[in-house]
Amino acid sequence: MDTLKLAGRSLLPFLVALPVLWIAEGSLADSKSAQIILMAAGINVILAVSLNVVNGFTGQFSIGHAGFMAVGAYTAAKIIVATRGLQLVGLPPAVSDQVLFFLALLAGMITAAGAGLLVGMPSLRLRGDYLAIVTLGFNEIIRVIIENTPFLGQATGISGLPRRTTLVWVGMGVVATLVMARRLVGSTHGRALLAIREDEVAAEAMGVDTVGYKVRAFVISSAFAGLAGGLLVHLIQLCTPRSFTFVKSIEVVVMVVLGGMGSVTGSVVSALVLSFALEGLREAQQYRMVLYSILLIVLMLTRPTGIFGTREIWDMLPRLKRRRAEGGAQ
Amino acid sequence: MSAPENVTPVIEARKVTMQFGGLKALSEFELELKPRELVGLIGPNGAGKTTAFNALTGVYAPSSGDVFVSGERVNGLRPYVICQKGIARTFQNIRLFKDLTAVDNVRVACHHRREAGFTAAFLRSAAFIKDEASITRRAEEYLDVMGLAHRRNELARNLPYGEQRRLEIARALATGPKLLCLDEPAAGMNASEKVSLLELIRKIRDEFGLAILIIEHDMRVVMGVSERLVVLDHGVIISRGPPEKVRKDPKVIEAYLGDAYLAEKQISVPGEGA
Amino acid sequence: QQKKEEAAPAQAPAATPQAAQAAPAGDKIVFGHVGSMSGNEATFGDSTDKGIKLAVDEQNKKGGVKGKQIVVKTLDDQGKPEEAAVAATRLVTQDHATILLGEVASSRSLAMAPIADSNQVPMISPTSTNPKVTKDGDKTRPYVFRVCFIDPFQGTVMAKFATENLKVKNVAILRDVGNDYSVGLADFFAKKFQELGGKIVSDQSYKAGDQDFKAQLTAIKGKNPQAIYVPGYYTDVALISRQARELGMKQPLMGGDGWDSSKLYEIAKGALDGSYFSNHYTPEDPSPVIQEFVSKYKAAYGSVPDALATLGYDAAKVAINALESAKDLTGPSIRDAIEQTKGFKGVSGVITLDADHNAVKSAVVLGIEKNNAKYAATVNP
Amino acid sequence: MSESILSIKDLQVNYGAIEALRGISLEVPDKQVVALIGANGAGKTTTLRAVSRMLRPVAGSVTFQGEEISRLQPHEIVARGLAHAPEGRGIFLNLTVQENLELGAFLRTDKDGVAEDMEKFFGLFPILKERLHQVAGTLSGGEQQMLAVARALMSRPKLLLLDEPSLGLAPQVVERIFQVLRDVSAQGVALLLVEQNAHKALQIAHRAYVLETGEVVMQGTGQELLDSPEVRKAYLGE
Amino acid sequence: MTEFLQHLVNGLSVGTIYALIALGYTMVYGVLKLINFAHGDVYMVGAFSGLYLARGLGVDEHPSLWKALVVFVGSMVICGALGVIIERFAYRPLRQRPRLTALITAIGVSFLLEYGFQLPPAIGSSVPFPPGPTPRFFPEPFPRVDFEPFGVHVSNYDMVSLATAVALMFALQFVVYRTRFGTAMRAVSFDAGVAGLMGINVNRVIAWTFALGSGLAAAAALLVAGSRPTINPLMGLLPGIKAFVAAVFGGIGNVPGAMVGGLVLGLAEEFVAGYALSSYRDGIAFAMLILVLLVRPAGLFGRVRAEKV
Ligand SMILES: Nc1ncnc2c1ncn2[C@@H]1O[C@H](COP(=O)(O)OP(=O)(O)OP(=O)(O)O)[C@@H](O)[C@H]1O
Ligand SMILES: Nc1ncnc2c1ncn2[C@@H]1O[C@H](COP(=O)(O)OP(=O)(O)OP(=O)(O)O)[C@@H](O)[C@H]1O
Ligand SMILES: [Mg+2]
Ligand SMILES: [Mg+2]
């Protein structure tokens, strides 16, 4: 009974999201461009929210998110390529493919998490810009390794991947990321992270294993970057080092800061706003990035704490807030 | 001494020395606190009082000497471990988690006394929910004790100074310590506020059965509340004993209190103590 | 069992709804160009776009195709594969592009190719030379074509030239590791060159945008090769050549079509004299197609076309040619028409598409003398 | 009352939605000591910060030596002879004690005078001389406070704003600080003194104001307030 | 041996570039604790202003010393002014805000410069403005002379650059630690609010620091472009990142640290590329830097200051 309830609580968000996503996908069946734009934006949401766990919640400064993305992407892509033509016993081909894809994504998350552990363990003693350099360096090292490994396709990468990523998959990824982030901040562990962000010395003095928690945040965040990577390469059916340069990492940092450090909904909104803005400006060609950069500057100057600051969207809506407060008091 | 001899002290410092480059901020520092003892640590500015706190709580690893918590040697352990073993502190310059609410500040300190694990948080298991509820309940109790219940959802940075001080104490208490170290808790308060703080400190000791070590420059506070005093000067203990004795110790008067102090002030302490 | 959904539409063309979707709306034909109009490789996207637009303008002045005017719709991809995929999708489904043109780099073309296939919109890449672009596994992608030769051919050309004409035995390679074009050329060159009995004495790498190549050059110098193969873009090669000379290295450099730009000579300032590179055509070629193109381009943009502009122009020309001969303007018909391209006289040579949808054409080798390219040899496939 | 060196009229300051000062007015007569007392959060610090323009008031005027200064930049105000030893000491922890002191005299051009003043303060705070080349960040709390007061005096101000100068100081040092303040005042420097140690502050103050939640609720001479039962109860702990 | 020496010379030459850019980086960082992401792009603007000035003066056809001087000083002034403008409009409004906020506007400014310069030409013909994405040739501001002691090739540009970098390092170190302005800078860096109370005109100190840092970027750009004469709007991206790495590696905010960090990075890259595998160059260079940082977590010259609590 208890396990049933537990399963219910942990799966509930996904069970609710699934039909919604199916309907969304169905209603967009005619508009492939809307779909791909939404999927790309969704992947950005996963990236921004997961990086926010490190940069926003924990107050560390990582600019190597694309590196972890690459680890997850290559793992997933390699698995999909290796299992091409494989059909899981007892499953119809379509289902088998989906299960394999799920497993590949999972494997990507695990290897990315492993990479996070590898980078995080020694380096999280470093602070601020020094940590930034290490993460940036890791991003570059990953790139160099890929470019030099024939097994990974070097500069060309792995092409001819099947298109496995759908709106439903991205949607579920987004839900998983959001559930992770919200449940994390809403827990004693999340508060430990926030405490580290606020004052490391005091957090340590209050019994928080600061190094341990920083590593954990890093590992979780990396895992979801890996998920985003896996989704991305099976969306564009191509896995190349060019998708994972430090420029990508910086784009994600921009989303996080613009959304508000530590605000999950802020990251979501800013990832969406920036993705759609870039998409909307695509036809502007050469002027596109100029307009985009002006948008960045203006947004940051007018909302210097980010779109939502450290708050969440419901903290901004007074009526909702009141209702929650009342609920909380009971 | 008030406590019986055979009880293991909550904290013991043996010949603790802290060296910063050429400066010996603390030398051969000796301290022992029995459960429920209330001891004051005083001395001129720069005597090494805060440094002693830092050495006891693991912020600095002592250059030499040993620190024992409940009989267990803790030198060189990380502060969070020492905290989990039962030493909590406040800071001379307030170090709250400024952008967290009052209740969250306290809940962070309840953190290490949770039961459910890390993954439980994501699964929202029953154990986790129970855990959270009990953490919240405990945090609210501490806020209540410190008279901060009405500030529950305020950001720490928006609290007035005196309440920030009290919140820091509440936070330290929430770690469930055997020994509470207070670094100048009354600094920046006016006389009336100090009086209520004094009462509060006694209440904490009685209610939670803690040992308390307090650094304070205000003699009314420290003499009023402490059962024993330890006086540091230039990193060396120059005097120790009950307040009445220490107050009259010429070395202490010379190094710390000053003649004017004696002449001018009749030390009157409200409540028991004096 | 594998690749069910990807291959399916190709096998049943007329039955799927996409076929109808690909038909142009109204009286305009849309050419969708995906290019790096901003970012690191903006200069390449820019050139290609100019080439395409020149071809289209010409055609429009002649009355368009089948009585319809052509519009070029260019979408920027910032040089990123994932953006290329989105841009291609938008062009196909939202703008109802009849044909997709692009991308310069194989990494982006590879991201566009599946989209062209699954939506049955033919795609012609002007300059993506990686063999994988038109391939899906071992099969040829039905809707993806290119008007350039591929890496194996170009690498072979230079290997042959080095062995036979230059008579060199020891060669060093300096490649751009991050660029699949450069890596591809280097690999195929090395393979062929060794087959022909030559030796690669040193294989060094750089990264596009580097300012300094002396580390690699010094290492190469220590091996004392007779020539150095530098299959990169002109943006880097110019500096490489200068720095090689500064180090006192006198060996000829060799390269591919990525060298072709007037900027190369402007920056290298004679450092490349005595060097050779393979290209699609020679500017000395008196053929009117070439001379006319060069002067038209100059008139329109005030600069000399580089290889990218030339191939962009040719890609658009091949597309127009196919549109004219196609029986209607649906994707499958156009695809069939493009596949029939044979002996088409492009600026970059005579283009015939083979079974793998690659352009079969001869390459020329140009030698650089007095800071100017001179015809040296023609190598046939 | 002698002429005012500083007069504040209807000063209002907000922190976001919080009204920290709700229109306070006060006068600092030339060469006199004015004390500002009040509970935590009453707005004392805010008043000083608004005067030296560390923050921008919403409304009201600040006149220093007959000149309206509420539109000036902090450094321009300093140049006119106003020094502010801020709350929390405001020591440059990355600089040495000497550099901190030199910065106090940043706008002064008389090298000899500066050196002379420095020696003078070493007499008052010998510990500073001992720590002269030490980085200020390693000073103890009390040492830093002494440095802050000494540094503020280094500019030879006509008016000195002091925010809780006795905070965290050993009793002996508190005595010394107040002695210094008396001396300084005797030399003709006007003082606006914020203190929690109300007893001592009122003893040296010519005039005093009591602040409560951003408003002046009481004023008078130091002695008057010392004698006032309300003050004795609320601020002197009696 | 000759090869080793040649690598050494090359490494120093590359390291000098990083050092020159890193010096300006570290200056600005030192005062504002801001990673001035746009610094690399100011460097790029420096190169282009040099190009416009050189073309305007006809340096190509008739080089001369005074023209070179005008080009140098001119572009330094232009970049200095640009730095001040950037600071005024993009950073100053965010000065009270968390550091990362200004980092985002810095990235915005960086994009704006990069992509703005990539726009299609609007004015001018021979070298139009904006210059557009195609690389351009940069004329030598002064004639190049190559030396060949012991078979090692060195150019006067390398020597001038290194000498300039070393001289600048000493000059900056002097400014920061021995002048009133430097003390003011350090005070502002620690607490701008209190610095104002000392009578320091905080805005002016910061503006001057930016002007100085940006001017240095321009000087670096001209020295680099003079010997590696191709410039384009994105040329600042990589050197900018490398200089950032160099500055952090040396201990960010530390002037000699930036210099040494730059040289070490240059040498590391050179020797990895020359003796190990050039295709692993960036990776190995970064790995080495990371290892060093793990041992010295505040960079080569930075001191980990145990925070006094
Ligand atoms: N991290 C450090 N590095 C160097 N010196 C230090 C460090 N921490 C403390 N000191 C020095 O040690 C001495 C003792 O400092 P401590 O802070 O313990 O004094 P304190 O007794 O708490 O004084 P106060 O009452 O003023 O707070 C001081 O002289 C101080 O300069
Ligand atoms: N930066 C700030 N942001 C928001 N509110 C603030 C800020 N600083 C002060 N306040 C609020 O403004 C009011 C006045 O604060 P102020 O610091 O002036 O009090 P004070 O009289 O100096 O108190 P104390 O004795 O504690 O120093 C308080 O309610 C305080 O909470
Ligand atoms: Mg202390
Ligand atoms: Mg105050």
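Below, read A as the first sequence line, B as the second, and so on, with proteins coming before strands; counting in each chain starts at 1.
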Let me confirm one number: the [atom1]-[atom2] distance from [X] to [Y], rounded to the nearest 0.5 Å.
| X | Y | atom1 | atom2 | answer |
| --- | --- | --- | --- | --- |
| A:L301 | E:R97 | CG | CZ | 10.5 Å |
| E:Q118 | A:R288 | CD | CZ | 12.5 Å |
| A:S293 | E:I107 | OG | CD1 | 11.5 Å |
| A:R125 | E:L294 | CZ | CG | 7.5 Å |
| E:F111 | A:I294 | CZ | CD1 | 13.5 Å |
| E:L100 | A:M261 | CG | CE | 4.5 Å |

Can you pull out the residues in residues 17-28 of chain E with any heavy atom less than 4.5 Å from chain A?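 Near chain A, by residue number: none.
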When [options] are compared by non-hydrogen pairs under 4.5 Å with chain A, the top option:
| options | result |
| --- | --- |
| E:L289, E:L113, E:V245 | E:V245 |
| E:A285, E:P133, E:S110, E:G108 | E:G108 |
| E:Y29, E:F89, E:F249 | E:Y29 |

A:Y130 side chain vs E:P297 backbone, donor-acceptor pair below 3.5 Å: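 Judged by distance alone, no pair lies under 3.5 Å.
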Toward chain A, the part of [X] with a non-hydrogen atom under 4.5 Å:
| X | result |
| --- | --- |
| E:L94 | side chain |
| E:I241 | side chain |
| E:I35 | side chain |
| E:L103 | side chain |
| E:F37 | side chain |

Ignoring hydrogens, what is the shortest heavy-atom contact between [X] and [Y]? Give both atom names and the distance.
| X | Y | result |
| --- | --- | --- |
| E:S279 | A:N148 | OG-OD1, 2.6 Å |
| A:V144 | E:D282 | CG2-CB, 4.1 Å |
| A:Q286 | E:L119 | O-CD2, 3.4 Å |
| E:I290 | A:F138 | CD1-N, 4.2 Å |
| A:G137 | E:F286 | CA-CD2, 3.3 Å |

Among A:P304, A:G128, A:G306, A:S123, which residue forms the greatest number of heavy-atom pairs with chain E at distances under 4.5 Å?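 The candidate making the most pairs under 4.5 Å is A:P304.
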Option in A:L296, A:V257, A:I250 with maximal non-hydrogen atom pairs under 4.5 Å from chain E: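 Highest number of pairs under 4.5 Å: A:V257.
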Criterion side chain to side chain contact (heavy atoms under 4.5 Å, CB included) against E:V248, the qualifying member of A:D129, A:L131, A:V134, A:L136: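 By the side chain to side chain contact (heavy atoms under 4.5 Å, CB included) criterion, E:V248 pairs with just one of A:D129, A:L131, A:V134, A:L136: A:D129.
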